[in-house]
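Just so it is clear, the structure is predicted and the values come from calculations on it, not from any experiment. We name chains A, B, ... by the order of the sequence lines, and we start the count at 1 in each one.
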Amino acid sequence: MLEGQRLASIDRRGKQLILRAVSGRAIGIHLGMTGQCLVLRAGEQPRQSDHIHMRWQLVDDSAADHVNAQTPAELLFRDPRRFGELRAFATPAEADVYLARLGPDALHISGEALYDAVHGSSRAIKAALLDQAVLAGVGNIYADEALFAAQIRPSAKARGLSRVRLQALAASIRGTLERAVAAGGSTLRDYLDADGNAGTFLTQHRVYGRGGQPCVVCSGVLRQTQVAQRTTVHCPACQRA
DNA sequence: GGCAGCCTGGTT
DNA sequence: AACCAGGCTGCC
């Protein structure tokens, strides 16, 4: 699909990455749980060479004055658990149809947009946040963290939450994701950025993975439950809404 | 909605 | 050996 093609752009919508070529062809990449996209310089070897499912040779022929111009490099897709996905699109329209399944991007979600997306739903608010057609980009970690920041119970019915509450939740989602991005993401075990670096947001988790431990705000015991079939941690005292 | 299933690998 | 994990789909 991409042999001999010139990359035009690299974008993201929610958890979906999309590489578009000048010709209109495109590749969609989803990391799933354990996927990694790694960029290697010429002659560089990946730290872990197992579970590599795709390798693209890259040539940088951009600016003539670029230090690395003409230096070949490689883009690797590695995914031990194979829950990730690579998908080829022949045209921009095909790619756009695929991306249209996704809700608004969580990193930029407005209070109004979140209200519009969930206020009519009878589901638990956490289930709605995890639904990529409702909101694109929030997974289990950031759902729990954002709900804690907004003081909302994960099991609260979406339709029972006020406009003001949902506006606060939208702000918490944006804030949580911004801080996570600034920290390079949450590496539990596998996640690495394109340069092979782990993310450190794990050190800032306030509820995810802390069931049974004291709440950082009130010192009460954090409760671990199941919501939408996912392990969920919240503070019963702080999250009253 | 709930649940099995897709996979590998690390921890009880 | 059993259970658990960042996600998501398909089937009741």
Side-chain angles (χ1 to χ4, degrees), chain A residues 12-18 28-38 46-54 76-87 97-107 117-118 120-148 153-160 173 176-194 196-213 222-234:
Chain A
R12 177 196 62 78
R13 168 92 166 267
K15 304 175 189 179
Q16 193 70 47
L17 300 172
I18 183 135
I29 303 176
H30 195 304
L31 300 182
M33 302 244 267
T34 59
Q36 304 168 335
C37 275
L38 300 166
R47 260 207 199 76
Q48 299 165 101
S49 57
D50 53 348
H51 304 297
I52 292 171
H53 304 295
M54 185 69 82
L76 270 59
F77 179 70
R78 177 172 186 270
D79 183 15
R81 217 168 144 185
R82 283 184 276 165
F83 281 10
E85 186 176 76
L86 296 180
R87 183 176 291 262
V97 164
Y98 189 70
L99 293 177
R101 306 170 315 136
L102 300 173
D105 192 88
L107 194 53
V118 310
S121 171
S122 58
R123 317 151 93 176
I125 184 62
K126 180 173 176 181
L129 296 185
L130 291 176
D131 185 341
Q132 302 300 298
V134 170
L135 179 70
V138 170
N140 201 35
I141 295 173
Y142 301 127
D144 279 9
E145 293 299 316
L147 288 164
F148 177 80
R153 280 179 299 115
S155 60
K157 299 301 181 207
R159 77 159 48 129
I173 290 168
T176 298
L177 292 179
E178 283 164 9
R179 289 190 296 120
V181 169
S186 299
T187 299
L188 301 191
R189 189 196 329 285
D190 299 282
Y191 175 72
L192 298 175
D193 70 15
N197 301 308
T200 63
F201 190 68
L202 193 65
T203 62
Q204 298 181 52
H205 290 169
R206 296 198 283 177
V207 285
Y208 177 83
R210 298 194 63 243
Q213 296 178 41
L222 296 176
R223 180 170 300 162
Q224 181 164 322
T225 59
Q226 292 280 123
V227 176
Q229 293 83 240
R230 307 299 297 279
T231 296
T232 298
V233 180
H234 80 288

Leu130(A) CG - dA5(C) P separation (whole Å):
14 Å
Looking across every strand, which nucleic acid part, if any, lies under 4.0 Å from Tyr208(A) by heavy atom: base, sugar-phosphate, or nothing?
sugar-phosphate
Let me know the distance between OH of Tyr142(A) and P of dG7(C), rounded to the nearest Å.
10 Å
Taking C-beta and beyond as the side chain, do Leu202(A) and Thr187(A) meet within less than 4.5 Å on heavy atoms?
no
With the side chain defined as heavy atoms from C-beta on, Arg123(A) is closest, among dG6(C), dG1(B), dC8(C), to dG1(B)
Once you measure the plane-to-plane angle for Tyr208(A) and His205(A), does it fall in the parallel (<30°), tilted (30-60°) or perpendicular (>60°) bin?
perpendicular
Could you give the NE2-to-P distance, from His205(A) to dA5(C), as a whole number of Å?
14 Å
Distance-only polar pair, side chains of Arg153(A) and Ser155(A), donor-acceptor under 3.5 Å
yes
Using atom C1' in both nucleotides, what's the gap between dG1(B) and dG6(C) to the nearest angstrom?
23 Å
Sugar-phosphate only, base, or nothing, as touched by Ser186(A) at under 4.0 Å among non-hydrogen atoms
base
Assign Asp190(A) to base, sugar-phosphate, or nothing according to its heavy-atom contacts below 4.0 angstrom with the strands shown.
base
Salt bridge (charged side-chain N to carboxylate O under 4.0 Å, His left out) filter on Arg12(A), not counting sequence neighbours, yields Asp105(A)
Residue pair Asp193(A) / Leu38(A): nearest heavy atoms and the distance that separates them
O-CD2, 3.5 Å
Output the rounded distance in Å from CD (Gln36(A)) to P (dG6(C)).
17 Å
Can you name the residues that form a salt bridge (charged side-chain N to carboxylate O under 4.0 Å, His left out) with Arg78(A), not counting sequence neighbours?
Asp50(A)
Which one of Lys126(A), Arg230(A), Arg123(A) satisfies the salt bridge (charged side-chain N to carboxylate O under 4.0 Å, His left out) criterion with Asp131(A)?
Arg123(A)
If we take the P atom in both dG9(B) and dT9(C), what is their distance in whole Å?
24 Å
Could you list all the salt bridge (Lys or Arg N to Asp or Glu O under 4.0 Å) pairs where at least one residue sits in residues 178-188 of chain A, not counting sequence neighbours?
none
For Gln132(A), report the nucleic acid contact type (base, sugar-phosphate, nothing); a contact means any heavy atom under 4.0 Å.
sugar-phosphate
Could you tell me how far dA4(B) sits from dC3(C) if I compare only their P atoms? Round to whole Å.
12 Å
Shortest side-chain distance from Thr231(A), nucleotide among dG7(C), dG2(B), dA5(C)
dA5(C)
Rounding to the closest angstrom, what is the interatomic distance between dC11(C) and dC7(B) at atom P?
16 Å
Given protein heavy atoms under 4.0 Å, the one-letter contact record of nucleotides 5-12 of chain B, with B base, S sugar-phosphate only and - none, is simply -BBBSS--
What's the closest nucleotide to the side chain of Ser122(A) if the choices are dG1(B), dG6(C), dG7(C)?
dG1(B)
Just to be sure I understand: a Watson-Crick pair is purine N1 to pyrimidine N3 plus N6-O4 or O6-N4, both under 3.5 Å. Using that and G-U wobbles, which stems of three or more pairs involve DNA chain C?
B:1-6 with C:7-12, B:8-12 with C:1-5
Nearest heavy-atom neighbours spanning Ile52(A) and Pro46(A)
CD1-CG, 3.8 Å
Whole angstrom value for the distance that separates P of dG2(B) from CD of Gln226(A)
10 Å
Nearest-Å distance for atom pair NZ/C1', residues Lys15(A) and dT9(C)
14 Å
d(OH, Tyr191(A); P, dG7(C)) in whole Å:
14 Å
Expressed as a whole number of angstroms, how long is the span from Arg101(A):CZ to dC8(C):P?
9 Å
Between dG10(B) and dC8(C), how far apart are the C1' atoms? Round to whole Å, please.
22 Å
Residue set satisfying salt bridge (charged side-chain N to carboxylate O under 4.0 Å, His left out) with Glu85(A), at least two apart, ordered chain then number -> Arg87(A)
Mind listing the closest non-hydrogen atom pair of Ala127(A) and Ala228(A) along with its distance?
CB-CB, 3.8 Å
With a 4.0 Å limit, can you tell me whether His30(A) has a side-chain N or O closer than that to the phosphate oxygens OP1/OP2 of dG7(C)?
no
